[in-house]
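First up is the structure itself, then whatever we jot down about it.
Lettering of chains follows the sequences in order, A, B, ..., and the numbering in each one begins at 1. In this text the structure is predicted, and so the values were computed from the model without any measurement.
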Amino acid sequence: MTALLETEHVEYSYPDGNSGLRGIDLSLTAGRKIAIVGANGAGKSTLFLHLNGALKPRRGVVRFQGRPIDYSRPGLRELRSQVGLVFQDPDAQLFSASVEQDISFGPLNMGLPEAEVRRRVDEAMAATGITELRHRPVHALSYGQKKRVCIAGVAAMRPRVIILDEPLAWLDPAGAKSILDLLERLNQEGTTIVMSLHQMDIVAR
Amino acid sequence: MTALLETEHVEYSYPDGNSGLRGIDLSLTAGRKIAIVGANGAGKSTLFLHLNGALKPRRGVVRFQGRPIDYSRPGLRELRSQVGLVFQDPDAQLFSASVEQDISFGPLNMGLPEAEVRRRVDEAMAATGITELRHRPVHALSYGQKKRVCIAGVAAMRPRVIILDEPLAWLDPAGAKSILDLLERLNQEGTTIVMSLHQMDIVAR
Amino acid sequence: MLFTIDQWAWANRLRDKSPTWKGIAALLGLLASLLSPTPWLSGSITLLSGALIVFGARIPLSVFLRLMSVPGLFLLTGCVTVALSPSPLDPVAQVTIGPYSPGISAAGLQQAGILFFRSLGATASLYFLVLTTPMVDVIELVSRLRAPKIVTELMLLIYRFIFVLMETTQAILLAQESRLGYATQANSLRSLGILAANLFVRSLIRSRELYIALSARGYEEELRVLPRTRENSFLR
Amino acid sequence: MHIMEGYLPLSHAAAWTAASAPFVVHGLRAIQKTVRTNPEAKMLLGVAGAFSFVLSALKLPSVTGSSSHPTGTGLGAVLFGPTVMTVLGAIVLLFQALLLAHGGITTLGANVFSMGIVGPFAAYGVYRLGQRMNLSSNISIFAAAAIGDLATYVTTTVQLALAFPDTATGVVGSIVKFGSVFLVTQIPLALAEGLLTVVIFNALSKY
């Protein structure tokens, strides 16, 4: 069985000379739930941006389903419908004040018909437990609720993998537990889950 | 010996009806180092904003050095040069371009002569172990370094009390220990230290 | 907590009514106020809008009254200025200061009166729309008026990021205040400048982050979103 | 200085809207062209628009002690250019009308003309002139922001005077009336805005 996502000797350095990645080898099997643990600044976020094609390695190669990533526009479109990325800061990725509209963005970009988009939005909201937030403005939501909207926005695209950067950051234990439960459920429904965790999260749980 | 900071039956509720404080009585003796432990949303941050005059209680009274807080402009100026507040999220309180500039903000506002400001900035940087970061842009620092800059910015004002909201949040154990050591040192030099801790911090250490 | 109008727009009893109808009603109120030859019509529109806001949308009267007083200073100085004349032809009241004899003219007074009620009626009509209609619906309405796509896209982004940046601003203001940033006038100017510069730099970072995050969800050229669902309305 | 909802007669409201329209359309075309080659520009403009709204919601410590709000007109014109600022200014003015009840829908055209067109173009012109005359950047920026502000107020004054000519002395008399009421209060604010813009640019240069 080939790996779903793989990196081989991936190297990257930021234009401003900030630390990047040095020879990362990684192999993710489909269906798993994986946590990557490391200190701040260890490059987890940088790695994740490579897995979704947002960054291109300076050296080495990233493979999805055995094939090197095709960085052309249609290639990236295909990759991004399969590999979803949830960022750490919800305010960095929620662009519409309407929960419903924000979640519909990804599915619409995939070119799905409106009825299908609506169905997926409803399903993603149900799965993440935010159905009753449908008509609330994003700026009135709590931090944890915003996190759920972000996850729903990616889940509505039904990717094979969802990658989450520090999904537990800034959440209290109860909030963190409910996000972990949600990820567990998505995983059992067949989505591969990759997330980065902070050392503190491990110590505490 | 009178208490340095005292609250008596302090009540507060947010305009949006969010939970606030209900009848808080607190008495802090000068020179001590005190931790206030409570779950998220217990109102620790709200309480701290009262101690520094940023919020005015709806009922009850806050006393500094035995006298009720004077909420006039000069009264608050005096209070805030004596009671320093370090917020939980460093990104919310670091607003200058460079480390040195940020630390000088408080002392400059106190109207101190430039030479004295420089001396205090140097001292505060030395005390918090960030002298070598002096000319670094704030946004390029790690989370732990930012926390230190925040503490230095308040310490440079030489307040009698430094109040820290969740100083250990989101730090790994090594980072947390070094912040605790730093607070211990400031305390031994005569500064009263008040901090809120999350239950998790206690579990972890 | 930030903007009273926005808060009520999301939490009033007419929220889910068709934005098109609400828009048409507000427009009629605006036009009628502007064209009203007497204070009677514009005055009635003020009362009608107020009634719809208070009894229809169930927004407290105190909120409506407070909002009506927002443009009060402009209205008052504006109307007084219209009524005053450096040398009135038909003075109602006049004073002589050396060679000048300014006063209030009868025609000016009448004009100021009409103007006063006209502005109130128009303002109340606008309040009816904005207090009952969430901004997301207003943006949808703008797009139905065939505004260029880029306009509604920018409106969507600006509306969302007003709140993100506002939150940052309030946090920084609090932090600056607690380090005496606004203790004197000179301090205030300097602190405000630092705040604005910082906010600008953070805005640039935010826009970069947003681009990366939206690209990860397949953004290429257009910010496409679903129109809101609304049951049983033949004119959505 | 926002002209409130309903204050201008319909004919004037329509005329100012017609006067503003070509500038807005031109700005929109320029933006559309930029966005087509660089899709990231859309996010930048969106966040920049939000920034200018938030800036205008801040309180400006003024020399007189009364507080007002910075317009950010000069800042925006120098940073983004006046063409782009017209579009951002128009949307920000719309949001100010809808969220804060500053200004209005029927007076949007007139307000866009004074604050989104005359202000930014005057500020940008002064800034470029200052650069060409090799003035220090502090002086150019101060002058750009302060004069951009004043130009806005003068425009508003003319708009009000045209709508409400004095019964005896006509439009000119009315300009004097409105001018003396508004300008006296606005000059200190224009100076404060100029100072603030200089402080912002100096702080920005440290990044």
Considering all heavy atoms of both residues, which atom of [X] and which atom of [Y] are nearest to each other, and what is their separation?
X        : Y        : value
C/Pro227 : A/Arg118 : O-NH2, 3.0 Å
C/Arg206 : A/Asp89  : NH1-OD2, 3.0 Å
A/Ala92  : C/Ala213 : O-CB, 3.6 Å
C/Trp10  : A/Ala97  : CH2-O, 4.4 Å
A/Phe105 : C/Leu214 : CE2-O, 3.8 Å
C/Leu156 : A/Ser96  : CD1-OG, 4.2 Å

Can you tell me how far the [atom1] atom of [X] sits from the [atom2] atom of [Y], to the nearest 0.5 Å?
X        : Y        : atom1 : atom2 : answer
C/Arg224 : A/Gln101 : CZ    : CD    : 14.0 Å
A/Arg80  : C/Glu220 : CZ    : CD    : 8.5 Å
A/Gln93  : C/Leu210 : CD    : CG    : 9.0 Å
C/Ile212 : A/Leu85  : CD1   : CG    : 10.0 Å

For [X], is the [atom1] atom crowded, meaning more than 12 foreign heavy atoms sit under 6.0 Å from it?
X        : atom1 : result
A/Glu123 : CD    : yes
A/Lys56  : NZ    : no
A/Arg32  : CZ    : no
C/Phe55  : CZ    : no

With the side chain counted from C-beta on, respond yes when A/Asp102 and C/Val225 share a heavy-atom pair under 4.5 Å apart, and no when they do not.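 A/Asp102 vs C/Val225: side chains apart.
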
Is there a side-chain contact between A/Asp91 and C/Phe161, using heavy atoms and a 4.5 Å cut-off?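 Side-chain contact under 4.5 Å: no.
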
A/Arg136 versus chain C, the contacting section by heavy-atom distance below 4.5 Å: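 Interface part for A/Arg136: backbone (N, CA, C, O).
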
What part of A/Leu49 gets closer than 4.5 Å to chain C, counting heavy atoms only: side chain, backbone, both or neither?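 Side chain only.
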
Which one wins on heavy-atom pair count under 4.5 Å against chain C: A/Leu55, A/Val138, A/Val117, A/Leu108?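 Highest number of heavy-atom pairs under 4.5 Å: A/Leu108.
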
When A/Ser104, A/Pro137, A/Pro159, A/Ser98 are compared by non-hydrogen pairs under 4.5 Å with chain C, the top option: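 Heavy-atom pair counts peak at A/Pro137.
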
Side chain / backbone / both / neither for C/Ile162 at chain A, heavy atoms under 4.5 Å: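 Neither part; nothing is under 4.5 Å.
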
Tell me if the aromatic rings of A/His139 and C/Tyr159 count as close, with their centers under 6.0 Å from one another.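 Ring-ring flag for A/His139/C/Tyr159: true, centres closer than 6.0 Å.
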
Okay, side chain of A/Asn109, backbone of C/Arg217: is any donor-acceptor separation there less than 3.5 Å?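 Side chain of A/Asn109 to backbone of C/Arg217, a donor-acceptor pair under 3.5 Å: yes, one is there.
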
